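Read through the structure below, which is laid out as structure tokens, and then see the notes.
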Number of protein chains: 2
Amino acid sequence: MGRRSDHSREELRELILEEGHRQLSEVGFARFSAREVAKRIGYSIGTIYNVFGSYDALLLALNGRTLDVWLAFLEQRLAGREERRLDAAIEAYFDFALGCRHAWTALYDFRLPEGTPPSQDYRDKVAAITGVIVREIAAILPPGLGGEALPLARSLLASVHGHCFFALNGTFAMLGETDPVGAAKARVADALARFGAG
Amino acid sequence: MGRRSDHSREELRELILEEGHRQLSEVGFARFSAREVAKRIGYSIGTIYNVFGSYDALLLALNGRTLDVWLAFLEQRLAGREERRLDAAIEAYFDFALGCRHAWTALYDFRLPEGTPPSQDYRDKVAAITGVIVREIAAILPPGLGGEALPLARSLLASVHGHCFFALNGTFAMLGETDPVGAAKARVADALARFGAG
DNA sequence: GAAAAAATTGAACGATGTCTATTTCTTTAA
DNA sequence: TTAAAGAAATAGACATCGTTCAATTTTTTC
């Protein structure tokens with residue numbers, strides 16, 4: 001078959017991303033197959049390469065979509081919340097990771113070849129999620145410590161990430177930890193206490 | 001070719017693990033190939049299946065070897081150290097992960113099929129590394145808080161892991177963090193301060 | 001309406017993990 | 001000593017994967 005006009009370039013891209021994200025969410029990164037995605041949308045594997053150029057680019061785009069969903073999820077959880085907003089953000093971190101287990105895990109399982117930085121677009125998405133936490137922490141920190149918000153947010157994100165990662169990959173289960181969320185909240189509280197916040 | 005007697009079963013197992021760990025350390029989990037390991041030791045792929053039964057079992061054994069090396073590295077770094085032992089352990093965490101980048105990353109990239117818990121042997125190795133941290137924290141905590149050592153060790157390991165993970169996977173670079181080790185130490189200090197230790 | 005450009009395909013390639021029938025060697029038993 | 005039993009190693013087949021590319025068909029352009 002040759003050229004067809006079933007979908008515009010953009011429609012096709014969206015079609016692939018939609019089905020691709022469904023696949024990734026269902027089977028996980030290790031079993032994800034670009035061929036399978038092509039088959040399911042009724043196109044051939046070559047078409048995916050036409051649109052995305054490579055497997056890596058496709059996966060980066062899929063992970064980008066996960067980041068989009070994650071950001072929306074986080075903000076929705078915070079919307080209207082008055083107290084304990086940082087705790088809510090931590091809960092949202094865990095709930096998203098657990099609820100979108102495979103897609104969330106793929107964010108970290110997939111890595112571009114060494115020396116290949118992700119696109120600016122992707123970096124912006126990561127920065128957007130971080131930005132939410134920076135904002136929340138800045139609102140909590142005592143006046144005059146605003147400059148600490150970014151470094152602290154990075155570090156607390158890493159701490160929460162570690163707890164969430166261990167919760168999902170079984171490390172915590174191995175070690176008998178039954179309340180990863182509580183532990184993560186406690187560590188964040190410890191850090192904020194140092195700055196006289198919380 | 002049929003049966004040969006170049007190596008005993010144990011020698012063969014060791015041969016595969018040695019070359020396999022070398023491969024894993026060089027090319028990383030994503031590019032690791034059991035076939036390639038077989039080729040390099042002069043056996044066929046079938047032999048690896050004879051000895052290990054499956055690809056998953058081989059990788060679990062390889063990761064187990066990484067844990068062995070890691071534990072030895074950690075204890076060697078702590079040996080003879082009088083002060084700031086926990087800081088030394090954090091540095092060791094990062095140094096090992098950076099120095100054995102691919103092998104360390106494989107510990108988390110590789111996952112057994114869902115519902116398949118790792119062998120007792122593997123869990124023991126994870127517990128052994130954790131045990132070192134439990135011991136160090138117990139030595140620092142005020143008297144009467146000994147029961148907090150294990151939960152705190154789990155949580156601090158997760159925090160340090162998150163920092164180390166973000167350092168290696170580029171997240172920290174994206175966010176402008178230039179001193180991941182310092183940030184990790186700070187978070188650990190925050191937690192210890194809550195317990196009146198440090 | 002012809003030429004140029006764009007899009008889509010499917011076959012080919014070299015890998016991978018996995019499995020099995022077969023061959024070969026070692027061990028056991030008569 | 002020799003034949004049968006058992007264990008170990010292999011080659012090859014299978015299905016899959018990402019990747020590439022010549023060929024084909026449609027759309028666009030002039």
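Keep in mind the model is a prediction, meaning the values are calculated, not measured. Within every chain, numbering begins at 1; the chains are lettered A, B, ... in the order of the sequence lines, protein sequences first and strands thereafter. The basis for the numbers below is simple: all heavy atoms, side chains too, and nothing from hydrogens, waters or symmetry mates.
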Could you tell me how far apart [X] ([atom1]) and [N] ([atom2]) are, to the nearest whole angstrom?
| X | N | atom1 | atom2 | value |
| --- | --- | --- | --- | --- |
| B:H7 | D:dA8 | NE2 | P | 15 Å |
| A:D56 | D:dC17 | CG | P | 17 Å |
| B:I48 | D:dA11 | CD1 | P | 14 Å |
| A:F32 | D:dC17 | CZ | P | 10 Å |
| B:F52 | C:dT18 | CZ | P | 14 Å |
| B:R31 | C:dG17 | CZ | C1' | 18 Å |
| B:R13 | D:dA8 | CZ | P | 14 Å |
| B:L62 | C:dG17 | CG | P | 12 Å |

If you check the [X] side chain, which of [options] turns out closest?
| X | options | result |
| --- | --- | --- |
| A:T47 | D:dA9, C:dT18, C:dT9 | C:dT9 |
| A:R35 | D:dC17, C:dT9, D:dA8 | D:dC17 |
| B:Y55 | C:dT8, D:dA9, C:dT18 | C:dT18 |
| A:A34 | D:dA8, D:dT10, D:dG18 | D:dG18 |

Most 5' of B:L12 and B:I45 on DNA chain D, judged by nearest nucleotide:
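Closer to the 5' end of DNA chain D: B:L12.
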Looking at every non-hydrogen atom in both residues, tell me the closest pair between [X] and [Y] and how far apart they are.
| X | Y | answer |
| --- | --- | --- |
| B:R85 | B:L78 | NH1-O, 3.1 Å |
| A:Y108 | B:D109 | O-OD1, 4.4 Å |
| B:L62 | B:G20 | CD2-C, 3.7 Å |

Tell me what [X] touches on the nucleic acid: a base, only sugar-phosphate, or nothing, going by heavy atoms under 4.0 Å.
| X | value |
| --- | --- |
| B:Y49 | base |
| B:G42 | sugar-phosphate |
| B:S33 | sugar-phosphate |

Please determine whether any donor N or O and acceptor N or O are separated by less than 3.5 Å between the side chain of B:N50 and the base of D:dA9.
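Looking at the base of D:dA9, it does pair with a donor or acceptor on the side chain of B:N50 (distance under 3.5 Å).
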A:G46 vs B:K39, nearer the 5' end of DNA chain C by closest nucleotide
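First, find each residue's nearest nucleotide; the 5'-ward one identifies A:G46.
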Tell me if a side-chain donor or acceptor on B:S155 pairs with a main-chain N or O of B:P151 at a distance below 3.5 Å.
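No, because the side chain of B:S155 does not come within donor-acceptor range (under 3.5 Å) of the backbone of B:P151.
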Using 0.5 Å steps for rounding, measure from the CG atom of B:N50 to the OH atom of B:Y43.
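Atom-to-atom, B:N50:CG and B:Y43:OH are 11.0 Å apart.
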